[in-house]
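Reviewing the structure listed below.
If you're wondering where the values come from, they're calculated on a predicted model, not measured in any experiment. Throughout, residue positions are numbered sequentially from 1 according to the sequence presented.
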Amino acid sequence: MEKEGYSHEAAASPPPSGSGEGSRGFVGNFIDGFKPHPQMLAREANKEGMTDLERANANVAESPLSRKLKGRHLQMIAIGGSIGTGLFVGSGRALATGGPASLLISFVLIGAMLYCTVHALGELAVIFPVAGSFAAYSTRFLDPAWGFAMGWNYAMQWLIVFPLEIVAATITVSYWDPNENISSAVWVTLFWLLIVVINLFGVKGYGEAEFIFSLIKVIAVIGFIILGIVLNCGGGPRGEYIGGRYWSNPGAFNHGFKGLCSVFVTAAFSFAGTELVGLAAAETANPRKSLPTAVKQVFWRITLFYIVSLTLIGLLVPYNESRLLDGSSSADAKASPFVIAIENAGISVLPDIMNVVIMIAVLSVGNSSIYGSSRTLAALAEQGQAPKIFSYIDRRGRPIVGITVASLLGLLGYLAASPKQGEAFTWMMALSGLSSIFTWGSICLCHIRFRRAWKLQGHTLDELAFTSQPGVIGSYFGFVFNCLVLIAQFWTAVWPIGAKPDAEVFFSIYLAVPVVIACYVVYKFMYKTPIMRCKDMDLVTGRRELDLAALLAEERAEQATWPAWRRIYKMFC
């Protein structure tokens, strides 16, 4: 349990790296930065006599991870964190599979589910800004065995995504070098070094890089929306009014209801990474103030960047456009409906600019993959669910062992030069293809269980610094909808569109499900973990603010003096 008087501010400040730090020079300070964090040893003395679960909760609550993320970092991670190849390229295959109406319906419904999920995560992360975030919540509010399965499920997702994104980045380069005059191994090396160096700067490096990457992606999407409106109304070089022509011919839907279900899965994958804003809460200077603002930005991202841009895509590109299926990868700009829409308008320079944006989106996901996997591995080790060495935090507040392992696995990107790369990456991706669905469903279920425990233990919602706007009803909707996506994925995996049932195809899509179940069952059998009862849940450990009631009373008194327009603005922003 959290000890009385424990100073989280002390944990947040950078630890000393030895006497005479300024006189040791760059090399000496660099080497000192890899030494163990002083707090790692000091905190162990306070945990004698605790149960395993109490020790696990205390470890993730008192993690010596650096707390250098600011509000602007969180807001950009929230706004642009999931704007990637799923939107820029994957939406093209979804359009070809289901048609413009299926594309829009699926993204609206998945977006609504994710809005509820992120608000649930925000409520939990504000009150418990602990290392490991949602994986730790599964251990605390559901079952340690499920926390083990979810933690490794999420870590595996990002560990595999890193080499995949490096290969994807090399494919974006082939847009300008179709004959591969420069070996793909050269680009793999450059992209690998760039992403690893960024993460060696710690959470500040990740935050600043994501701030820049996300800003570029946001500007690109806003620019495309403006351009798309102009092109649809006949303001392009060819002066041709398009309107809703492609909704009539070839039509609004393709492949009927099964096409719609297939697009659900693509839409869910496109939003992957949104939950990183909750994982970053443990490394935020003041999550109570900055996290709610970041969480509220999700509404605008879903509405503006996804719904509006994809509506325009459905108006500008017909679903029977052959180039939508020409891409050799999920990052191939030739299959991007954004690039196709610009090329169809007769604009020559912008497709190259759009390919640069796609490359930046790929690098952004690669950057997030090292961050997400290393922090999750550290939290798993803190809870005794991974080798202890992963819990090593250095003096710069970096989980350096996790960063090292993730970086080494990134070298699998050299498979890009191998003729077996397609087969290798298909099965690698199969291991984590449904990771986000499990993660989001678990977040919603954790929120439902937390609210129940909060009430049973005599607390009220007024004691929470931030509450989910859709509330528990939203979490029930999110949980049920994630289950429905799993069912839809099962259906389309067993009976794929335009093909006969095939065991290899099924497992290449659905392999993550038996892997997660196996992790849960084996851990449950080995350690006989209990399903957490609401009345016994630990609702104290990890709460960073020790005098929250007084702080909230002061802030709410100030908010009562705000004019109506400001209160409405703060409700959504």
Side-chain angles (χ1 to χ4, degrees), residues 78 81-82 107-130 132-143 146-147 149-151 153-154 264 267-268 271-279 281 287-288 291-299 301-303 434-457 459-488 516 531-535 537-539 542-543 571-572:
S82 68
F107 273 83
V108 167
L109 291 175
I110 294 292
M113 175 275 291
L114 200 62
Y115 175 79
C116 297
T117 302
V118 173
H119 269 264
L121 176 59
E123 181 177 314
L124 293 171
V126 168
I127 191 171
F128 300 113
V130 300
S133 188
F134 28 83
Y137 300 148
S138 291
T139 295
R140 180 183 292 208
F141 301 124
L142 300 178
D143 182 341
W146 189 249
M150 287 299 94
N153 168 63
Y154 195 71
F264 271 129
F271 282 109
T274 303
E275 69 287 337
L276 280 169
V277 71
L279 194 66
R288 182 177 57 83
L291 194 58
T293 301
V295 166
K296 292 173 185 175
Q297 301 288 347
V298 172
F299 171 79
R301 184 190 63 215
I302 292 170
T303 303
L434 295 171
S435 174
S436 294
I437 307 301
F438 280 107
T439 298
W440 297 337
S442 295
I443 289 170
C444 293
L445 192 55
C446 285
H447 181 242
I448 294 167
R449 297 275 290 160
F450 161 74
R451 279 287 190 94
R452 176 67 176 161
W454 191 252
K455 182 178 180 180
L456 283 178
Q457 295 187 27
H459 297 283
T460 65
L461 296 184
D462 290 335
E463 298 175 58
L464 298 175
F466 173 74
T467 56
S468 166
Q469 288 180 347
V472 176
I473 294 176
S475 292
Y476 273 110
F477 168 75
F479 177 72
V480 170
F481 204 88
N482 276 291
C483 293
L484 292 176
V485 171
L486 283 176
I487 294 171
V516 167
I531 295 176
M532 303 306 299
R533 302 176 66 182
C534 291
K535 67 182 184 67
M537 288 179 188
D538 178 5
L539 301 181
R543 292 165 65 177
M571 183 182 300
F572 295 103

For the student: nearest non-hydrogen atoms of G122 and L291, plus distance:
O-CD2, 4.1 Å

Do W440 and F134 come within less than 4.5 Å of each other through their side chains, counting heavy atoms only?
no

Check whether any side-chain heavy atom of T439 sits under 4.5 Å from a side-chain heavy atom of T117, and report yes or no.
no

Using the side-chain contact (heavy atoms from CB on, under 4.5 Å) rule, take H119 and F466 through it: C-alpha gap first, then chi angles, then the decisive distance, then the call.
CA-CA 9 Å; H119 269 264; F466 173 74; 3.7 Å; yes

How long is the straight-line distance from OH of Y137 back to CG of L121, given to the nearest 0.5 Å?
6.5 Å

Residue pair C116 / P470: nearest heavy atoms and the distance that separates them:
CA-CG, 3.8 Å

Would you mind reporting whether R451 and L461 have side-chain heavy atoms less than 4.5 Å apart?
yes

Can you tell me how far CD of E123 sits from CD1 of I443, rounded to the nearest 0.5 angstrom?
13.0 Å

With rounding to the nearest 0.5 Å, note down the distance linking NE2 in H447 to CZ in F479.
14.5 Å

If I take atom CZ from residue F264 and atom CD1 from residue I487, how far apart are they, to the nearest 0.5 angstrom?
12.0 Å

Taking Y115's backbone N and O only, do any of them form a donor-acceptor pair with Q469's side chain (distance below 3.5 Å, no angle check)?
no

Please determine whether side-chain contact (heavy atoms from CB on, under 4.5 Å) holds for the pair Y154 and F438, giving the CA-CA distance in whole Å, both sets of side-chain angles, and the decisive distance to 0.1 Å.
CA-CA 9 Å; Y154 195 71; F438 280 107; over 6 Å; no

Would you say F477 has more than 12 foreign heavy atoms packed within less than 6.0 Å of its CZ?
yes

S133 side chain vs G278 backbone, donor-acceptor pair below 3.5 Å
yes

Closest non-hydrogen atom pair, M537 against A453:
SD-CB, 3.5 Å

Output for pair (F450 CZ, L142 CG), nearest 0.5 Å, gives 13.0 Å

Determine whether C446 and S138 satisfy the following criterion, side-chain contact (heavy atoms from CB on, under 4.5 Å), listing intermediate values before the conclusion.
CA-CA 6 Å; C446 285; S138 291; 3.8 Å; yes

Minimum heavy-atom distance L456-C534, with the two atoms named:
CD1-CB, 3.6 Å

Sub-3.5 Å donor-acceptor pair from the side chain of R140 to the main-chain atoms of D538, do we have one?
yes

Least distance between heavy atoms, G441 atom then N482 atom
N-ND2, 3.6 Å

For W146, which of L445, V516, T139 qualifies under side chain to side chain contact (heavy atoms under 4.5 Å, CB included)?
V516

Would you give the length of the straight line joining atom CD1 of I127 to atom CG of L539, rounded to the nearest 0.5 angstrom?
7.5 Å

Please name the pair of heavy atoms, one in F141 and one in L124, separated by the smallest distance, quoted to 0.1 Å.
CE1-CD2, 4.1 Å

